[in-house]
Amino acid sequence: MDNRFFNRRSVLRGMAGSTALLAMPGLARRAMAQGAELGPYQQAKIDWRQAEGETITVAVIPAAYFENLITLAPQFEELTGVKLRFEKVPPAQIRQKAVLDLTSGTGTYATHAADPMYYALYQANGWVDPLDDYLNDASLTDKDWFRPDDIVPAWTAANTIDGKLYGIPYDGEVTLQVLRKDLYEAKGLAPAEDLDGFVANAKAVHDPDNRIWGTALRGLAGAGQNVYIYSSLFRAFGGDWLPGGNLTVNGPEAEAALGWYVQTMKDYAPAAAQGWNWPDIADAFSQGTVASYIDAHSSASVINTPDKSQVIGKIAYARWPKGPSGKRVSSIWNWGFPINAKLSDKAKTATWLFIQWAASPETQARTSYLFSGPTKRSGVNRLSLWEQPEYVQTVSGFGDNFVEATLTALKEDTDVDWRPRVPQWPGIGDAVATAIASALAGQATPKAALDAAQAQVTKMMQ
């Protein structure tokens, strides 16, 4: 076996600090600290205070990467004179609450953590503004400072409909193989290059008598649960969501992809995994009972939680295996920020300033490797950060090949049509999720389950 894959890259560059401020009187120290905090933002050639006096509400999910941002909100308020109010909404509800607010036209949320699969619905109804005008207005955006081209292109593409951008990515993910390197090394295994190899590896390490299962994939029904993984399989098997312009969820490629999913779960996953979402899989992996899985790279922080994980130091990562089409298809999912079209002009300006601040290179760094709290973000939106030594040092501790696999996937393994970006997606996603769940449970064959989903989808598209 070639063990070079498992050689962790180490970064030795250190960071120096200063204690000069501590010797200064309180007011002077605060003034200098404030200047140091705001200085990098004031280099942008825009008037940060042009919406002073506005108050905007931002809906986010209760997740560490947004908690880090909320912690820094006073810096934005000091910089702009705009007051921020954050409302934390669980992931299962934020999509519905955002749609309700947008349809009502009340403008309660100036912006919200938006699922990229909803932009087609937003765009079709004119609920959010295209952001190109904001980006191209020199009075609102200093492109040399903001560097929009540095934002992960795949995530920006996912938030673009008909050539117009509707949400600026703040945090996102790709899907990777996550492996118990000790179990793989003991069997002389290398990370799988294709789906057949992934199954072969799962079989080799599968030992349920000793409470080790070869793999587990999301089984819980939902457009953001089992469909999240199945969509990559569908595309890797050569599936096309819109052949001839018609939304299609059944057919030979779909049946083959779902058949692979069902058989792999039946043969090598715990029976309970039919009802698991990603936190359940990460927990099982952390406890040492699952030898591999494929899911969001951001689960790395969970499986490396010191007081909960039993496998720290035994983890490695690899890119999605290739499917029969020869493609690796990772997710391109992100939480992005749109602008509610019903806001006043001044509120829209305030919202854009917030989005530009949150997505800027400076704030991305401050909420990740420069953040003083315990949680360091692994979903920064900047390709340049993934190559910056300080950031690499922060996240490389998650396991072997984490940075390399993630960065390569971000650049090479993404597919903007990973899932069908159409206004009817919420209903379509639910129909496909039900089909996957019924096939996993053995209640229907893959063909029967997908044909039933197709009948529902055809009605939706009419």
Side-chain angles (χ1 to χ4, degrees), residues 41 44 46 48 51 56-61 63 65-66 68-70 72-73 75-76 79-80 82 84 86 94-95 98 102 109-123 127-174 331-341 343 347-368 377 379-386 410 414 416 421:
Y41 299 101
I46 60 170
W48 282 105
I56 60 173
T57 298
V58 180
V60 297
I61 68 167
Y65 39 81
F66 284 124
N68 292 11
L69 186 69
I70 293 170
L72 299 183
Q75 295 179 14
F76 172 80
L79 177 69
T80 63
V82 174
L84 293 177
F86 288 92
I94 196 167
R95 297 165 180 83
L102 292 169
Y109 300 137
T111 187
H112 65 279
D115 183 330
M117 292 305 299
Y118 278 64
Y119 286 119
L121 176 64
Y122 294 175
Q123 182 262 357
W127 290 338
V128 298
D129 283 355
L131 300 182
D132 305 84
D133 291 342
Y134 296 85
L135 277 169
N136 294 323
D137 185 338
S139 70
L140 294 173
T141 308
D142 181 350
K143 282 190 173 182
D144 290 337
W145 180 84
F146 184 55
R147 293 161 45 206
D149 292 341
D150 183 41
I151 297 175
V152 176
W155 295 346
T156 302
N159 298 356
T160 300
I161 305 296
D162 294 337
K164 294 183 177 180
L165 179 64
Y166 287 92
I168 300 293
Y170 167 74
D171 191 276
E173 59 195 35
V174 289
S331 66
I332 52 172
W333 198 86
N334 70 93
W335 286 119
F337 285 126
I339 293 180
N340 192 322
L343 301 178
K348 287 182 179 181
T349 296
T351 304
W352 174 250
L353 292 175
F354 163 75
I355 294 171
Q356 186 176 186
W357 169 80
S360 69
E362 182 66 24
T363 302
Q364 291 288 305
R366 292 186 184 196
T367 54
S368 58
R377 290 176 55 211
V380 293
N381 71 359
R382 301 282 169 165
L383 287 177
S384 60
L385 273 178
W386 280 98
L410 285 171
T414 55
V416 73
R421 299 182 301 148

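All of these numbers come straight from a predicted model, not from anything done at the bench.
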Legend entry - Heavy-atom pair with the smallest gap, counting every atom of Pro148 and Leu135: CB-CD2, 4.1 Å

Inset, instruction - Would you please indicate if the ring centroids of Trp48 and Trp145 are separated by under 6.0 Å? - result: yes

Legend entry - Side chain Gln364, main chain Leu385, donor-acceptor under 3.5 Å: no

Inset, instruction - Using modelled atom types only, decide if a donor and an acceptor are shared between the side chain of Asn136 and the backbone of Asp132 within a distance under 3.5 Å. - result: yes

Legend entry - Non-hydrogen side-chain atoms of Gln75 and Arg366 separated by less than 4.5 Å: yes

Inset, instruction - Verify the distance criterion only: is there a donor paired with an acceptor across the side chains of Asp129 and Tyr134 at less than 3.5 Å? - result: yes

Legend entry - Main-chain N/O of Gly167 paired with Asn159 side-chain donor or acceptor, under 3.5 Å: yes

Legend entry - Side-chain donor/acceptor of Arg382 to backbone N/O of Arg147, under 3.5 Å: yes

Legend entry - Side-chain (Thr111) to main-chain (Pro338) donor-acceptor, under 3.5 angstrom: yes

Inset, instruction - Can you measure from OH (Tyr119) to CG (Asp162) and round to the nearest 0.5 angstrom? - result: 15.0 Å

Inset, instruction - Hey, could you give me the OG1/CD distance between Thr363 and Gln356, rounded to the nearest 0.5 Å? - result: 10.0 Å

Legend entry - Asn381 side chain to Pro169 backbone, donor-acceptor under 3.5 Å: yes

Inset, instruction - Measure the spacing between CG of Leu140 and CG of Leu131 and express it to the nearest 0.5 Å. - result: 11.5 Å

Inset, instruction - Using the ring-ring contact (aromatic ring centres under 6.0 Å, His included) rule, pick out the option among Tyr41, Trp357, Phe86 that qualifies with Phe76. - result: Trp357

Legend entry - Residue pair Leu102 / His112: nearest heavy atoms and the distance that separates them: CD1-CE1, 4.3 Å

Legend entry - Donor + acceptor pair across side chains of Asn340, Lys348 (<3.5 Å): no

Legend entry - Main-chain N/O of Ala138 paired to Thr141 side chain as donor or acceptor, under 3.5 Å: no

Inset, instruction - Could you check if a side-chain atom of Gln123 sits within less than 4.5 angstrom of a side-chain atom of Lys164, using non-hydrogen atoms only? - result: no

Legend entry - Approximate separation, where rounding is to 0.5 Å, of Thr367 OG1 and Ile70 CD1: 12.0 Å

Inset, instruction - Work out which heavy atom in Thr414 is nearest to a heavy atom in Ser331; give both atom names and the distance. - result: CG2-O, 4.0 Å

Legend entry - Side-chain touch Pro130/Ile161, heavy atoms, less than 4.5 angstrom: no

Legend entry - Smallest separation among heavy atoms of Ala158 and Ile332, with atom names: CB-CD1, 3.7 Å

Inset, instruction - Identify, with sequence neighbours excluded, every residue that meets ring pair (Phe, Tyr, Trp, His ring centres under 6.0 Å) alongside Trp333. - result: Trp335

Legend entry - Heavy-atom pair with the smallest gap, counting every atom of Ala73 and Leu84: CB-CD1, 3.9 Å

Inset, instruction - Apply side-chain contact (heavy atoms from CB on, under 4.5 Å) to Phe146 and Ile151, showing your working. - result: CA-CA 10 Å; Phe146 184 55; Ile151 297 175; 4.2 Å; yes

Inset, instruction - Show your working on side-chain contact (heavy atoms from CB on, under 4.5 Å) between Trp352 and Ile339 and close with a plain yes or no. - result: CA-CA 7 Å; Trp352 174 250; Ile339 293 180; 3.9 Å; yes

Inset, instruction - State the CG-OG1 distance between Leu353 and Thr80, to the nearest 0.5 angstrom. - result: 6.5 Å

Legend entry - CZ-CD1 distance between Phe354 and Ile56, expressed to the nearest 0.5 angstrom: 6.5 Å

Legend entry - Axial cation check for Tyr170 ring with Arg377, 6.0 Å and 45° limits: yes

